[in-house]
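What follows is a single structure, written as structure tokens, with notes after it.
Keep in mind it's a predicted model, so treat the numbers as computed, not measured.
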Amino acid sequence: MPRTLEGQITMEKTPSYFVTKEAPARISSMSKGTKLIVVVRDPVTRAISDYTQTLSKKPDIPTFESLTFKNRTTGLIDTSWSAIQIGIYAKHLENWLLHFPIGQILFVSGERLISDPAGELGRVQDFLGLKRIITDKHFYFNKTKGFPCLKKAEGSSKPHCLGKTKGRTHPDIDQEVVQRLRDFYRPFNMKFYQMTGQDFGWD
């Protein structure tokens with residue numbers, strides 16, 4: 001990490017930190033005052049998105065449905081599959097709360113980041129103690145991608161949109177499997193809402 005000078009904030013982004021058991025202790029020993037920002041989204045959509053990304057690299061992988069269950073007949077979910085395990089947010093958060101107070105962690109809604117990017121980034125700027133500079137005027141919605149794009153400063157190059165790996169069409173998943181996953185995640189989601197004091201509205 002570069003040295004952070006007076007008046008600067010150094011940011012580092014690694015999605016796997018949140019689910020890596022050793023990360024909270026290591027980050028805490030480096031700096032107990034570190035502020036943490038975690039972007040979360042509906043765990044069912046997240047699992048399907050994870051699978052879609054893997055499928056684009058390995059087209060011969062088994063179906064989403066077969067990977068979801070340890071036993072399809074009994075409906076037992078395979079929690080060892082990372083696509084499923086990552087979405088059990090309450091379990092991962094418990095590990096972080098052993099090292100950081102909840103007030104040092106901001107949870108950003110992945111859904112609201114798409115529907116109201118300026119609003120969610122307003123929360124981020126407040127959390128970091130920054131003046132609100134990024135507002136609605138910095139975004140426009142890209143209908144092709146289904147995501148907002150960030151407008152660059154006046155006179156600079158074209159707007160910045162998410163890369164081609166984002167916004168892929170998800171495969172059709174058996175609705176019975178989707179419902180089974182919703183039922184599986186519901187108690188974990190409720191616990192996560194209680195822990196964070198935020199209702200993310202996932203069913």
Side-chain angles (χ1 to χ4, degrees), residues 13-24 27 35-55 63-124 126-127 146-148 162 166-203:
K13 175 184 83 90
T14 301
S16 61
Y17 282 165
F18 187 60
V19 298
T20 303
K21 207 163 173 41
E22 303 79 17
I27 293 169
K35 288 185 173 184
L36 306 156
I37 300 171
V38 184
V39 180
V40 288
R41 66 188 293 201
D42 180 330
V44 177
T45 312
R46 206 218 68 78
I48 296 168
S49 181
D50 192 315
Y51 174 79
T52 305
Q53 188 170 351
T54 306
L55 187 65
T63 64
F64 180 85
E65 289 83 352
S66 63
L67 291 167
T68 298
F69 297 103
K70 265 189 178 154
N71 184 325
R72 179 97 191 239
T73 314
T74 61
L76 186 65
I77 303 283
D78 187 355
T79 55
S80 68
W81 183 30
S82 66
I84 299 292
Q85 211 225 47
I86 289 169
I88 308 173
Y89 303 131
K91 185 182 129 203
H92 305 304
L93 180 53
E94 279 175 346
N95 191 26
W96 283 90
L97 293 178
L98 298 173
H99 302 276
F100 290 94
I102 194 78
Q104 267 174 244
I105 311 173
L106 178 72
F107 293 92
V108 173
S109 161
E111 288 80 14
R112 285 197 297 272
L113 210 47
I114 295 168
S115 65
D116 178 21
E120 280 302 277
L121 283 173
R123 292 179 60 240
V124 170
D126 293 347
F127 176 69
F147 286 102
L162 293 172
K166 300 292 181 187
R168 285 195 190 99
T169 304
H170 289 175
D172 284 330
I173 306 295
D174 184 334
Q175 281 311 298
E176 191 188 320
V177 174
V178 171
Q179 192 52 54
R180 180 69 194 88
L181 272 176
R182 295 217 171 282
D183 295 341
F184 166 77
Y185 279 120
R186 193 169 293 111
F188 296 111
N189 290 345
M190 293 302 151
K191 187 176 180 189
F192 185 63
Y193 297 172
Q194 287 174 335
M195 293 168 86
T196 61
Q198 252 178 284
D199 182 337
F200 290 89
W202 307 318
D203 175 40

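Inter-residue side-chain proximity for Ile27 and Phe100 is flagged as met; some heavy-atom pair is nearer than 4.5 Å. Using a 4.5 Å heavy-atom threshold, the side chains of His92 and Gln85 count as touching. No side-chain heavy atom of Val40 sits under 4.5 Å from any side-chain heavy atom of Ser109.
Taking every heavy atom of both residues into account, Tyr51 and Thr63 meet most closely at OH-CA, 3.4 Å. Between Arg182 and Thr45 the shortest heavy-atom distance is NH2-OG1, 4.4 Å. Closest approach of Ile84 to Thr79, counting heavy atoms only: CG2-CA, 4.3 Å. For Gly110 against Arg41, the heavy-atom pair with the smallest separation is CA-CB, 4.3 Å. Of all non-hydrogen atoms in Asp174 and Arg72, the two that sit nearest each other are OD2-NH2, 3.0 Å. When all heavy atoms of Arg46 and Ala83 are compared, the pair lying nearest together is NH2-O, 3.1 Å.
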List the steps, then state whether side chain to side chain contact (heavy atoms under 4.5 Å, CB included) holds for Leu181 with Ile77. CA-CA 8 Å; Leu181 272 176; Ile77 303 283; 3.9 Å; yes
Criterion side chain to side chain contact (heavy atoms under 4.5 Å, CB included) on Phe69 and Val177, from CA distance to verdict: CA-CA 9 Å; Phe69 297 103; Val177 174; 3.8 Å; yes
Show your reasoning for whether side chain to side chain contact (heavy atoms under 4.5 Å, CB included) applies to Tyr185 and Phe192. CA-CA 10 Å; Tyr185 279 120; Phe192 185 63; over 6 Å; no
Trace of the side chain to side chain contact (heavy atoms under 4.5 Å, CB included) decision for Leu93 with Ile105: CA-CA 10 Å; Leu93 180 53; Ile105 311 173; 4.0 Å; yes
Run Trp96 and Tyr17 through ring pair (Phe, Tyr, Trp, His ring centres under 6.0 Å) and show every step you take. CA-CA 10 Å; Trp96 283 90; Tyr17 282 165; 7.5 Å; no
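Rounding to the nearest 0.5 Å gives a distance of 11.0 Å between CD of Glu94 and CD1 of Ile88. Note that CG of Asp199 and CE of Met190 are 6.5 Å apart. Values are rounded to the nearest 0.5 Å. Ile86 contributes atom CD1, which lies 10.5 Å from atom CH2 of Trp81 (distance to the nearest 0.5 angstrom). One finds the NZ atom of Lys21 at 4.5 Å from the CG atom of Asn95 (value rounded to the nearest 0.5 Å). Atom CZ of residue Arg123 and atom CG of residue Asp116 lie 10.5 Å apart, to the nearest 0.5 angstrom. For the atom pair CD of Gln104 and CD1 of Ile37, the computed distance is 12.0 Å after rounding to the nearest 0.5 Å.
Salt-bridge check for Arg186 with Asp183: passed, with a basic side-chain N closer than 4.0 Å to an acidic carboxylate O.
For His99, there are no ring-ring contact (aromatic ring centres under 6.0 Å, His included) partners at least two apart in sequence or on another chain.
Side chain of Thr20 to main chain of Ala23: no donor-acceptor pair is present (N/O by atom type, distance under 3.5 Å, no hydrogens or angles). Looking only at distances, no side-chain donor or acceptor of Asp42 sits under 3.5 Å from a matching main-chain atom of Trp202.
The side chain to side chain contact (heavy atoms under 4.5 Å, CB included) test with Val44 singles out one residue from Asn189, Val178, Ile173, and that residue is Val178.
Using cut-offs of 30° and 60° for the angle between ring planes, the Phe18 and Phe107 rings count as perpendicular.
Environment of CD in Glu176: sparse, with no more than 12 heavy atoms of neighbouring residues, nucleotides or ligands closer than 6.0 Å. For Asn71, the CG atom sits in a packed shell: over 12 heavy atoms of surrounding residues, nucleotides or ligands are nearer than 6.0 Å.
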